[in-house]
Amino acid sequence: KSSDPFYWMRVILASNRGTIMELGISPVITSGMVMQLLAGSRIIDVDQSLKEDRALFSGAQKLFGMLITLGEAVAYVMSGMYGDLRELGAGSALL
């Protein structure tokens, strides 16, 4: 048995604790779903028949995925997932 309380969540999201894949595929999937929802509801105007619009949409989707990753990483560190923030130190917390 593992002492990791998120073991099954990690299995489902294809993530590994303490690695670069800590967040798994969830930021990529989330950004894709949100961007498709925004485009489908015409909140953002995207013409998929234009190569430039497709490239811009794809780039925005990747940027949004990186922002989600950064937000989730900050939440993990601030919540104490890796230990007390004072014990980690500023350098380790920023990494």
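Here the structure is a predicted model, which means the values were calculated and not measured. We count residues from 1, following the sequence as given.
With rounding to the nearest 0.5 angstrom, the OG atom of Ser41 is 10.5 Å from the CD atom of Gln36. Atom CG of Leu56 and atom CG of Asp47 lie 12.0 Å apart (nearest 0.5 Å). Atom CE in Met33 sits 11.0 Å away from atom CD in Gln61 (nearest 0.5 Å). A distance of 5.0 Å separates CD1 of Ile44 from CZ of Phe57, quoted to the nearest 0.5 Å.
Linking ILVMFWY side-chain heavy atoms closer than 4.5 Å, directly or via other members, places Phe64 and Leu38 in a single hydrophobic cluster.
Enclosure of atom CG in Asp84 by more than 12 non-hydrogen atoms of other residues, nucleotides or ligands within 6.0 angstrom is indicated.
Side-chain contact between Leu37 and Met35 is absent, with no heavy atoms from C-beta onward closer than 4.5 Å.
Side chain of Ser58 to backbone of Arg54: no donor-acceptor contact under 3.5 angstrom is found.
Between Ser31 and the options Thr69, Ile68, Leu67, Leu63, a side chain to side chain contact (heavy atoms under 4.5 Å, CB included) holds for only Ile68.
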